[in-house]
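What follows is a single structure, written as structure tokens, with notes after it.
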Amino acid sequence: MKLRMFQLKAFFSDGLNQQQGALDRLNKQIDDLKTQIRDINNEDDGKFLAEKQEIDALLPDLQAAVDQQVAQLKAVNEQMAQLQDHATELDDKISASQAQEDQLSEAIKGETDLAKILESVEANKQQALTLVEERKQLAAQKAEIDGQISDLGEDLEAAQTNLNIKESDLHKHQDQTAAIDNQIQRAQKQRAHKLEILNQSKAKLDAQAAQVSKRVADFAADLDKVNGQIQDRFGTGYLIQNVQFSNTLNYMVLMNTNDTNDADQASEIRLFKFLNQNVSQPVTVISLKFDLQLKDHLINWAQEHQFDVPKMVNIFNELQANAESTAPVVTIHENESIKGAWDADKTHREFRDAEGNLLMVAQYQNNDQIKDIYYYDDSRLSRISTLNDQGQLSRTRTFQQDNSVVDEFFRLMGRYA
């Protein structure tokens, strides 16, 4: 009965530690998503809008230049039309004068009497001379107008060319404004898409965190209950109260937890201090859990709580050291589909895909040596791989939807067991 109750206590304590660790990791991921969501919400289109405003400021002047050129082209066309009408009028007058002179000439040609011919010539002499002089003047006016029409033709061509240039500049700036509007729309759509993905991921993590929080509360309640039962039944939290030690024997302590820094391990602390006071030989700790840094953990733990640093036997380290392993060194290769980013203290590196989904979190030791790799499937922790000091895979744990361990494998003597 005693052993069963203490086994339940250890079970609930381990479960609480595991679930609390899972909850801490989920909360860290949620905080990271919140930061990304806040950063996207803080983004705006100020750069694009400033560029558009600068271009829009030029449009009124460009439009005014186009309107002015259109008015000038219209004025030249109107002046050209007036000159062409005048030229047509002069052509009509010249034709009428020529016709009148031809009529006089015909009248003379049709007369057979010489005396009458001389009489007709003398009578129409002044009129003929007048018609010739008139045509000369009309021809001179016509030539002058033709010259003006030619000059206006050049002005008209230049005005049309300038109008084309002004309209081209105006259309160019209008196209630039339209292009900036398209950039703003694309940027807004991209932000909306990213926010949708991040909010979906956060919703999933929130749901997982709520489930894990409930399991944390359940384990804590069960642990409090069994602790209360042990205290009520035995009056203490220790399984053994009275013990005698031999000065000639070596004593060993089995440890079932990796987290030697947990504040709740008051009983373990009291046990080591008790052993330091009552045994003459150094205590040996035998690790029943996989912990590559067990020695450092024990040293720090002992110094923090002021008892002698125990000896240490790490079962899995010892087994792996007994045979040379040919396992490859584990590395993470980044590419366009997988991008990594360090946290603030450079101890963890997160790897995400192109859409921002979390794929892996690598925990480092000694700055460049990977210690653990946490794998995520749709924002859920699915597997943890632990590496040895040579960077080779030493342990793999696979998790179910409720974060409970499905399978756990250890590499022993170059192979898995």
- request: Evaluate the side chain to side chain donor-acceptor pair (under 3.5 Å) criterion for residues Asp14 and Gln18: first the C-alpha distance (whole Å), next the side-chain angles of each, then the deciding distance (0.1 Å), finally the verdict.
  value: CA-CA 6 Å; Asp14 288 346; Gln18 290 178 2; over 6 Å; no
### Query
Do the side chain of Thr347 and the main chain of Tyr364 share a donor and acceptor less than 3.5 angstrom apart?
no
When Asp343, Leu359, Leu358 are each screened for side chain to side chain contact (heavy atoms under 4.5 Å, CB included) with Glu350, the one that passes is Leu358
Per side chain to side chain contact (heavy atoms under 4.5 Å, CB included), Phe272 is matched among Leu298, Asp308, Val309, Val285 by Val285
Side chain to side chain donor-acceptor pair (under 3.5 Å) assessment of Asp353 paired with Ser337: CA-CA 5 Å; Asp353 60 17; Ser337 300; over 6 Å; no
task: Give a yes or no on whether the backbone of Leu381 and the side-chain of Asp377 come within a donor-acceptor separation of less than 3.5 Å.
output: no
Fill in: Donor-acceptor pair, side chain of His193 and main chain of Lys189, under 3.5 angstrom
no
Exercise. Would you say Ile373 and Ile332 make side-chain contact, with heavy atoms under 4.5 Å?
Worked result: yes
Checklist line | Asp372 (side chain) donor-acceptor with Gln363 (main chain) under 3.5 angstrom | finding: no
Run the salt bridge (Lys or Arg N to Asp or Glu O under 4.0 Å) check on Arg349 and Glu334 step by step: do they pass? CA-CA 12 Å; Arg349 187 169 177 82; Glu334 297 186 40; 2.7 Å; yes
Can you check whether Lys9's main-chain N or O pairs, donor with acceptor, with Ser13's side chain at less than 3.5 Å?
no
Q | Donor-acceptor side-chain pairing of Asp67 and Gln63 below 3.5 angstrom | A | yes
(request) Decide whether Asp24 and Gln20 meet the rule of one side-chain donor and one side-chain acceptor closer than 3.5 Å. (result) yes
Side-chain H-bond candidate by donor/acceptor type, Gln36 with Asp32, under 3.5 Å
yes
Value for CZ (Arg38) from CG (Asp31), rounded to nearest 0.5 Å, stands at 10.0 Å
(Q) Test your reading of the model: is there a side-chain donor-acceptor pair from Ser168 to the backbone of Asn164, 3.5 Å cut-off? (A) no
Side-chain (Lys273) to main-chain (His305) donor-acceptor, under 3.5 angstrom
yes
In this structure, CG of Asp206 is separated from NZ of Lys204 (nearest 0.5 Å) by 12.5 Å
